[in-house]
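Here the structure comes first, spelled out in structure tokens, and everything after it is commentary.
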Amino acid sequence: MTKPASGAPLDAPLTVVLDASGSQSLTHAAVDAAARASLDLRINVTLAGDERVITRRLTTAPSDGERLKVLDATSPEAARDLATTELGSGRADAWITAAPPNRVADHVGRRLGTVGSLRQLALAAIMPTVKKAGDREDPYAIVLDAGAWPELAPRDAATLVSLTATLSGWFARGDQVRVGLLVEDPDPARLTPHQRELDEALRPVTNASTRYIGAITPEQALLGHADIVACDGRQGALFLRTLEGAFVAAEHLVQRETRGLKGRLGIRLFEGRLAKLRDYGNIESYGGWPFVGSAHLVLSVRHDASANAWFNAIRFARRMQRDGLVDRLQQGAERPKT
């Protein structure tokens, strides 16, 4: 039987740990997604959180009980400890969590290690763009970083971008991956000292498969000028939330302008396109966002993610495992440091 580099059979069932600790709504969403995944995807799911709350919720959701396991955690920190223990021991293939990305990145780095000589992880968030890039199937770009750290360290930037280029090529299947640095003003004289350091650090990533195109504005990023948009964590998170809010606002504006008989007739004609626009701008529809630089598969979902978002994250993890992407992201790197 053919096996990926990790040694797990390609047809082996995926085991995912869901961090079901936190608010009741978060726990319910994670549990509902786990129950659905156990039936629809035939995936093994371990739920880490308050055992009483999780068990009570499971009684209301159809599921395959043999594929579900509950680990009792008295706090979110305890749930993270349990999840990383499951990953580190090989009992789980992926961890999906709604915990703050900076805490997850720190926890993974301390307990599981990073790839090669990296000192930090970065959250790779998938965002929609307007234009397709060459023969790419979908008009998407990856925002790196999207909340793992307040600042993307220049010493790690080139390595993280190189690893993310592998993810970009797998996700969108294009030719040369274009890398841009997100800034408010691309005028070199107006770059901050940190942006200048990042710009200098990213210049060496240009090679046969990757091309650094320099500083780009948010507008250029949205239009699809780059496949990887490198930025600081705080800046990236704000950019994505603003983008999502813009899609929501646009939908409400269209609905407001289509009131009345003529408006209702018009909106019926475009109802399908509006639904497509809504899905296109819904960040949750892309599932979880992976941490790049981790020695294990770790995905982040928003703290207010719905059950559907959790389920999409599980599907995304399964796809990444089936394609051996975690091993490909580490290809050519040193053994993880701990």
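It should be emphasised that the depicted structure is a prediction, and the values quoted were computed from it without experimental measurement. Counting from 1, the numbers follow the sequence of the chain as shown.
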Are more than 12 heavy atoms from other residues, nucleotides or ligands located less than 6.0 Å from atom CZ of Arg91?
yes
Are the side chain of Gln176 and the backbone of Asn207 linked by a donor-acceptor contact shorter than 3.5 Å?
yes
Between OG1 on residue Thr74 and CG on residue Asp72, distance to nearest 0.5 Å:
7.5 Å
Same hydrophobic cluster for Val205 and Val183, using side-chain heavy-atom links shorter than 4.5 Å among ILVMFWY?
yes
Do His296 and Thr84 come within less than 4.5 Å of each other through their side chains, counting heavy atoms only?
no
Determine, using the 4.5 Å side-chain heavy-atom cutoff (strictly less than), whether Ile213 and Val229 are members of one ILVMFWY cluster.
yes
Any sub-3.5 Å donor-acceptor pair from Glu200's side-chain atoms to Glu197's backbone N or O?
no
Do the charged groups of Arg56 and Glu51 touch, with an N to O distance under 4.0 Å?
no
For the residue pair Ala295 and Leu112, what are the closest heavy atoms and their distance?
CB-O, 4.2 Å
Report whether Val301 and Leu41 are members of the same hydrophobic cluster (ILVMFWY, side-chain heavy atoms less than 4.5 Å apart, transitive linking).
yes
Work out which heavy atom in Leu87 is nearest to a heavy atom in Ala92; give both atom names and the distance.
CD2-O, 3.6 Å
Value for CD (Gln120) from CZ (Phe291), rounded to nearest 0.5 Å, stands at 11.5 Å
Transitively linked via ILVMFWY side-chain contacts under 4.5 Å: Val179 with Leu191?
yes
Mind running side chain to side chain contact (heavy atoms under 4.5 Å, CB included) on Leu160 and Asp145 for me, showing each step along the way?
CA-CA 9 Å; Leu160 287 168; Asp145 177 22; over 6 Å; no
Could you grab the distance from atom CG of Leu71 to atom OG1 of Thr85, nearest 0.5 Å is fine?
9.5 Å
Between Arg80 and Asp19, does at least one N-O distance fall below 4.0 Å, as a salt bridge requires?
no
Which atom of Thr27 lies closest to which atom of Gly22, heavy atoms considered:
OG1-O, 4.1 Å
So, Asp323 side chain and Leu325 main chain: donor-acceptor pair closer than 3.5 Å or not?
no
Distance only, no hydrogens: is a donor on one side chain within 3.5 Å (strictly under) of an acceptor on the other, for Ser306 and Asn308?
no
All heavy atoms of Ala98 vs all of Arg302, minimum pair found to be CB-O, 3.5 Å
How far does CZ of Arg155 sit from CG of Leu198, to the nearest 0.5 angstrom?
11.5 Å
Does the side chain to side chain contact (heavy atoms under 4.5 Å, CB included) test come out yes or no for Ile126 and Phe316, once each step is laid out?
CA-CA 12 Å; Ile126 299 160; Phe316 191 46; 3.9 Å; yes
Please determine whether a side-chain nitrogen of the Lys or Arg among Arg42 and Asp64 lies less than 4.0 Å from a carboxylate oxygen of the Asp or Glu.
yes
Mind running salt bridge (charged side-chain N to carboxylate O under 4.0 Å, His left out) on Asp227 and Arg178 for me, showing each step along the way?
CA-CA 5 Å; Asp227 306 302; Arg178 302 159 304 159; 3.0 Å; yes
Is the shortest side-chain heavy-atom distance between Pro218 and Phe239 below 4.5 Å?
yes
Stepwise salt bridge (charged side-chain N to carboxylate O under 4.0 Å, His left out) check, Arg111 with Asp81
CA-CA 8 Å; Arg111 291 180 60 91; Asp81 286 341; 3.6 Å; yes
Does a side-chain heavy-atom distance below 4.5 Å link Met320 with Pro290?
yes
Heavy-atom distance under 4.5 Å between the side chains of Trp149 and Asp106, does that happen here?
yes
Short side-chain to backbone donor-acceptor contact, Ser294 and Val298, under 3.5 Å:
no
Going by heavy atoms in the side chains, are Gln235 and Leu182 under 4.5 Å from each other?
yes
Are Val104 and Trp95 close enough that some pair of their side-chain heavy atoms sits under 4.5 Å apart?
yes
Decide yes or no on side chain to side chain contact (heavy atoms under 4.5 Å, CB included) for Tyr212 and Leu181, but give the supporting numbers first.
CA-CA 9 Å; Tyr212 178 57; Leu181 175 62; 3.6 Å; yes
List the atom of Ala141, the atom of Ala226, and the distance in Å for their closest heavy-atom pair.
CB-O, 3.5 Å
Between Leu68 and Ile314, is there shared hydrophobic-cluster membership here, with clusters defined by ILVMFWY side-chain heavy atoms closer than 4.5 Å?
yes
Could you tell me whether the side chain of Asp232 reaches within less than 4.5 Å of the side chain of His194, counting heavy atoms only?
yes
Output the distance between atom CG (Leu14) and atom CG (Asp93), rounded to the nearest 0.5 Å.
5.0 Å
Do side-chain atoms of Thr164 reach the backbone of Leu167 as a donor and acceptor pair under 3.5 angstrom?
no
Compare all side-chain heavy atoms of Leu18 with those of Val31 and state whether any distance is below 4.5 angstrom.
no
Looking at Arg203 and Asp199, is any side-chain nitrogen of the basic one under 4.0 Å from a carboxylate oxygen of the acidic one?
yes
Rounded at 0.5 Å granularity, tell me how far OG1 in Thr97 sits from CZ in Arg103.
11.0 Å
Could you give me the CA-CA distance, side-chain angles and deciding distance for Asn44 and Val16, then say whether side chain to side chain contact (heavy atoms under 4.5 Å, CB included) is met?
CA-CA 6 Å; Asn44 300 322; Val16 177; over 6 Å; no
Take Lys69 and Glu86 through the salt bridge (charged side-chain N to carboxylate O under 4.0 Å, His left out) test and state the conclusion after the steps.
CA-CA 12 Å; Lys69 182 172 74 172; Glu86 292 294 294; 3.5 Å; yes
Would you say that more than 12 heavy atoms from the other residues, nucleotides or ligands in this model lie under 6.0 Å from the CD of Glu77, or not?
yes
Using every non-hydrogen atom in the two residues, find where Leu58 and Ala35 come nearest and quote the distance to one decimal.
CD2-CB, 4.5 Å
